[in-house]
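As a basis for the values below, the full set of heavy atoms in this structure was taken, side chains included, without hydrogen atoms, waters or symmetry mates.
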Amino acid sequence: MMTKKRSRALANFKLFMVLPVIAIVLIAFSSCSQNKKPAENLTEIVPPPPPPPPVEIDTEITPFVQVDVMPEFPGGDEAILKYIFENTNYPESAKTNGIQGKVIVRFAVDTDGSVKKISVLQGVDPELDKEAVRVVSSLPAFEKPGIVDGKPVPVWYMLPITFALK
């Protein structure tokens with residue numbers, strides 16, 4: 001069988017089958033190259049990234065715990081205790097329930113002597129705590145603010161308020 005001659009007709013048939021496939025492939029590749037855009041059109045201009053968000057600057061200084069000179073209430077420590085005693089109203093619900101105790105209130109004396117950032121460190125009862133905060137928020141401004149290195153600074157101040165029934 002190796003010596004048998006192949007027919008010319010079969011060779012021509014194979015050639016006619018392969019030629020259309022080659023022609024289709026060439027046409028496909030040539031049409032793809034026509035659709036390509038020049039390199040300069042492919043370059044995409046990317047917008048710059050947005051600017052970072054603005055940094056919030058905390059202009060309020062955190063109150064100091066230790067200072068060179070403590071804030072002074074008009075009349076001194078006795079005057080502040082007298083003011084608290086005279087302006088505290090014992091809540092009726094606490095009186096009827098026999099609730100008493102010591103509420104420790106913390107507040108900041110600002111550089112202008114005003115009272116800010118009032119909070120209860122140690123509470124007894126919500127009614128007594130609320131009254132203690134009310135009295136401290138009504139305090140008049142301190143005469144002198146706290147001082148560190150010769151400059152006025154805000155200072156934490158703690159004040160115990162005792163609620164006792166007779």
Side-chain angles (χ1 to χ4, degrees), residues 25 28-166:
V25 169
F29 280 122
S30 67
S31 67
C32 288
S33 67
Q34 290 173 357
N35 289 340
K36 287 186 179 177
K37 295 178 182 175
E40 61 192 35
N41 290 346
L42 285 179
T43 318
E44 192 174 312
I45 299 173
V46 180
V55 178
E56 292 182 21
I57 300 172
D58 187 14
T59 57
E60 195 170 306
I61 301 171
T62 305
F64 285 74
V65 177
Q66 293 181 345
V67 292
D68 298 337
V69 178
M70 284 297 287
E72 289 182 26
F73 189 77
D77 291 339
E78 295 83 24
I80 195 169
L81 295 175
K82 182 180 177 188
Y83 180 87
I84 296 292
F85 178 75
E86 290 174 353
N87 293 291
T88 302
N89 299 320
Y90 211 109
E92 288 299 322
S93 61
K95 277 184 187 178
T96 57
N97 294 329
I99 300 171
Q100 53 187 356
K102 186 186 297 185
V103 177
I104 299 177
V105 180
R106 178 177 83 161
F107 58 92
V109 177
D110 208 3
T111 55
D112 61 355
S114 62
V115 175
K116 297 184 177 183
K117 298 183 180 183
I118 303 166
S119 63
V120 176
L121 287 182
Q122 179 182 343
V124 176
D125 179 70
E127 290 293 320
L128 296 180
D129 298 348
K130 185 177 174 182
E131 178 61 18
V133 169
R134 185 197 66 78
V135 170
V136 169
S137 64
S138 71
L139 281 173
F142 281 59
E143 283 180 340
K144 298 177 185 175
I147 297 176
V148 171
D149 296 329
K151 296 178 184 176
V153 293
V155 180
W156 284 119
Y157 202 97
M158 285 191 279
L159 190 64
I161 301 175
T162 305
F163 291 91
L165 295 170
K166 293 179 182 176

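Residues Tyr90 and Leu128 have side chains in contact (heavy-atom distance under 4.5 Å, counting atoms from C-beta outward). In this structure, the side chains of Leu121 and Met158 come closer than 4.5 Å at one or more pairs of heavy atoms. Within the 4.5 Å cutoff, the side chain of Glu86 has heavy atoms near those of the Lys82 side chain. Counting heavy atoms from C-beta outward, Val115 and Phe142 have side chains that approach closer than 4.5 Å. Phe107 places a side-chain heavy atom less than 4.5 Å from the side chain of Leu139.
Considering every non-hydrogen atom in both Phe73 and Glu143, the closest pair reads O-OE1, 4.2 Å. Of all heavy-atom pairs spanning Lys102 and Pro160, the tightest one is CD-CB, 3.8 Å. What you find for Pro63 and Lys117 is that their closest heavy atoms are CD-NZ, 3.7 Å. Listed here is the closest heavy atom pair of Gly146 and Val155: CA-CG2, 3.6 Å. A pairwise comparison of heavy atoms in Val103 and Ala132 identifies CG1-CB, 3.8 Å as the closest pair. Residues Val136 and Ile161 come closest through the heavy atom pair CG2-CD1, 3.9 Å.
Judged by distance alone, the side chain of Asp129 and the main-chain N or O of Val124 form a donor-acceptor pair under 3.5 Å. Remark: side-chain polar atoms of Tyr83 are paired, donor with acceptor, to backbone N or O of Ser138 under 3.5 angstrom. Asp68 contributes a side-chain N or O that, together with a main-chain N or O of Asp149, makes up a donor-acceptor pair within less than 3.5 Å. Within the 3.5 Å criterion, the main-chain N or O of Lys144 finds no donor-acceptor partner in the side chain of Glu72. Distance alone, capped at 3.5 Å, places no donor-acceptor pair between the Ser114 side chain and the Asp110 backbone.
To the nearest 0.5 angstrom, Phe163 atom CZ is 9.5 Å from Asn89 atom CG. Once rounded to the nearest 0.5 Å, the distance linking CG of Leu81 with CG of Leu159 reads 6.5 Å. With rounding to the nearest 0.5 Å, the separation of CG in Asp125 from CD in Gln100 is 12.0 Å.
With respect to Arg134 and Glu131, a salt bridge is recorded, a charged nitrogen being found less than 4.0 Å from a carboxylate O.
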Check your understanding: Checking salt bridge (charged side-chain N to carboxylate O under 4.0 Å, His left out) for the pair Glu92/Lys95: CA distance, chi angles, key distance, verdict?
Key -> CA-CA 5 Å; Glu92 288 299 322; Lys95 277 184 187 178; 3.7 Å; yes
